[in-house]
Amino acid sequence: MQITALTTAVFIFFASTNAAARTWEEAYEKAEALVGKMSIEQKVNITTGTGRGLCVGMSGSTTDPDFPALCLQDGPLGVRIADNITAGVSGITASQSWDKKALRKRGEYMGKEFYGKGVHAQLGPDVEVMRSPYAGRIFESFGEDPYLNGVAGVETVLGIQSEGVIAVIKHFVLNNQEHNRTTSSSTVDDRSLHEVWAWPFARAVEAGAGSVMCSYNKINGTYACESDGSLNKLLKSEMGFQGFVMSDWGATHSTVDAANNGLDMTMPGGEGYFGKNLTKAVEEGDVTEERLTDMAKRIVAAYYKMDQDDPDFPEVSLNSVNRTKAPMVDVQEDHAKLVRQLGAEATVLLLNKDEALPLPADLKKIAVLGVDAGPDPNGLNCGGDNGLACNNGTLAMGWGSGSATFPYLISPYEGIKSRAGGDVEVVHSFDSWDTDAAQDLVRDVDVAIVCASSDSGEATVVDGNAGDRNNLTLWHNGDKFIEAVADANEKTIVVIHATGPVTMPWIDHKNIKAVVWSGLPGQESGNSLADVLFGDVNPSGRLPYTIAKNEDDYPVHIDLHDTIDYKENLLVGYKWFDAKNIEPLFEFGFGLSYTNFSFSDLKVKTSDNEGELVSATVAVENTGDVDGAAVVQAYISFPESAGEPPKVLRGFDKVQIKRGHKDRVSFAFDKLSLSVYDVEKDDWVVPSGKYSIHIGASSRDIHQSTSFTL
Ligand code: BGC
């Protein structure tokens, strides 16, 4: 069975749900009229950055006809280099929620804040699939599975763009580590490129993303921002991308090749490849004027699509060179509430022995411990681009352009103390090296809550980690500290803040009764944590990646070769662990709740309808004592001849179910969900044969399976 015109079908579906003001057709009509009046120089102007200014990127403007300089600002979790903004939950932690509605709301509030600051394009979301747990920027995107990344990317794009801001999906493509990120060349087979690495971009393009940022690295020896294969063929032709491609900052390396092979805007500009040199290339016929017009039209169309010609579009109120000069515009509204809710909801409860959590009401004394439990002694936001010099307090985001400035940061200690109230004594020690002091402190407390972290970020070296992590151990003596506390207190609860997976050599310690995976919750960190610890929120987060028993169980470490060979092919994340029969410590999709769910009565139907080739329903019952949300996950096993991993995620739904109640959850699988990429046909194809569907609470906790034939 062969599929054609899939992209178009899905695109139409999303176009109708996207609240952005105009359709692409309407936007292009207006762009055509405006760009039609522009001279070659004017068209070149709007494709060329003018350097960092009010925003980290500013494009050139024109008068007569008038087109404004566009303000492009980082980043994926909030407005960077700005005050009076919300510094919320990172992408990776938002993804832990497995909650489409919450992801959409996050996109919407971010869109509102960027809009309020006069930003035309938010440099996010980052939708790169996590290839290696060591990679510095994995906290910006949505984890190790393309499908989950795609859903989270779509919801974020729709949310941002519904507020009139262009979403810039990045970094296209195969940009999966910080080491040698501007010099290495990634190679991958075409099937894995489509099924894994490009998948989330394709979904976000269908959702109408206005811009794509091409990455620093080379692809098969050619820079990503001048790669005909990835920009012209894959992105623009196959995916039908109608917006504009902007370079990552400094990722343009040529004039003629870049323009002809798909780059539409160079950033930040000033490197000399576009501007006068592009004008000359057009005048000399090395780049056709038609192509230049296409570049300009794509930029102008994205602007019109988001309705940015509205006279009410706010003035830029940022200053990315000297922020003290930025006018004061407060865009926070009550977004902190959403951040707190999402942070709590996304918390993954990894272990809960003897019902240690939620904390009982009769507690008298709690100890909260660790560097990661308190504020940074060097102050809030102590290094530019959060975290650069700021790693001595609780961790709530990674570092680099994917960070934002905290307006405040509630530490675990503050959150717990305020929730515990006056009748409970809360003692603390924020020194993770002084294990003796910590042991003395915890001997007579009812519960010891020990917090530890592991950080990473973009490019810059922090504590010996050049963006990418050197290892997956906890920072600040975390592992030894946890063990020491557990040796001295019979009810020890571990809380982890991390950019990605860590190893847990202490996991079997008899006194460690619970492990709470908080991820990177942003400014409301301590409050979100307290909501879960005290049972005000029943945690319903699930892991968006695999936590391995040993570092060596992961297939991919940081690769220092000039050529990075993606030789794991389709076996990324849990698919590797499944295929190689490696038991993880906590598998992809895993997370506990304060209640229990049972699954029954899986029913599957096939049809000829391409949008719903297979549908399934399953009953889910809350069999525990409290209300809670189940994350029902649907994995597909392809016919053996298809050569797919043992199972792949193709659907999930988060459902609130009251205790004692039962609900039915439905899934629809369209043709694409049941297709593989056929490299010979250069198309998506549904393999014939026997499929299985597995419904479960995680990638390894499967409760109902059945098969069907296509
Ligand atoms: C990063 C991008 C970012 C840009 C602008 C680059 O170094 O890779 O993600 O948007 O800088 O700050």
Side-chain angles (χ1 to χ4, degrees), residues 49-59 70-82 85 90-92 110 114 117 119-128 130 135-142 153 156-157 160 165-184 186 200-201 204 209-218 223-225 244-253 263 265-271 316 318-321 323 384-388 397-405 456-462 466-468 499:
T50 58
R52 191 169 174 139
L54 296 183
C55 308
V56 297
M58 303 290 304
S59 60
L70 300 184
C71 161
L72 322 174
Q73 191 73 358
D74 292 306
L77 72 76
V79 190
R80 180 182 169 217
I81 318 177
I85 55 97
S90 289
I92 193 66
M110 290 197 299
F114 280 85
K117 292 283 191 184
V119 177
H120 295 90
Q122 173 176 354
L123 304 176
D126 186 338
V127 296
E128 280 157 299
M130 176 191 289
R137 301 184 72 176
I138 51 177
F139 75 95
E140 296 182 24
S141 56
F142 305 109
T156 310
V157 165
I160 293 169
V165 173
I166 299 167
V168 184
I169 47 175
K170 64 188 190 180
H171 306 84
F172 197 66
V173 61
L174 304 176
N175 174 209
N176 295 97
Q177 64 177 48
E178 292 307 283
H179 280 80
N180 306 333
R181 67 175 181 169
T182 58
T183 53
S184 61
S186 305
F201 288 93
S211 182
V212 169
M213 185 188 290
C214 52
S215 52
Y216 282 127
N217 54 291
K218 297 174 195 159
Y223 281 111
C225 291
F244 65 101
V245 176
M246 73 170 72
S247 71
D248 199 341
W249 270 231
T252 308
H253 293 276
L263 182 68
M265 179 189 274
T266 188
M267 275 293 144
E271 75 288 323
V316 180
L318 300 171
N319 191 318
S320 298
V321 179
R323 64 193 286 175
D385 276 348
N386 233 292
L388 288 183
M397 66 172 68
W399 72 79
S401 66
S403 68
T405 304
S456 72
E458 179 183 356
T460 327
V461 182
V462 175
D468 302 322
T499 49

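FYI, side chains are in, hydrogens and waters are out, and symmetry mates aren't considered; it's all heavy atoms of this structure. Numbering of ligands and ligand atoms starts at 1, following listing order. All residue numbers in this chain count up from 1 along the given sequence. Fair warning: this is a prediction, and the values are worked out from it, not measured in the lab.
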Original post:
Under a 4.0 Å N-O cut-off, is there an ion pair linking R181 with D248?
Top reply: no

**OP:** May I ask you to test the L123-L72 pair for a side-chain heavy-atom distance under 4.5 Å?
**Re:** yes

**OP:** Output the set of protein residues with a heavy-atom contact under 4.0 Å to ligand 1, ordered first by chain identifier and then by residue number.
**Re:** D74, R80, L123, R137, K170, H171, R181, M213, Y216, D248, W249, S401, E458

**OP:** Go through the side-chain N and O atoms of S401 and R137 and say whether any donor and acceptor fall under 3.5 Å apart.
**Re:** yes

Original post:
Do we see a donor-acceptor contact under 3.5 Å between the side chains of E271 and T266?
Top reply: yes

**OP:** List in chain and number order the residues that pass side chain to side chain contact (heavy atoms under 4.5 Å, CB included) with P125, two or more places apart in sequence or in another chain; answer none if no residue qualifies.
**Re:** V127, F142, T156, V157, I160, A167, I169

Original post:
Does the side chain of Q73 come within less than 4.5 Å of Q122's, by heavy atoms?
Top reply: no

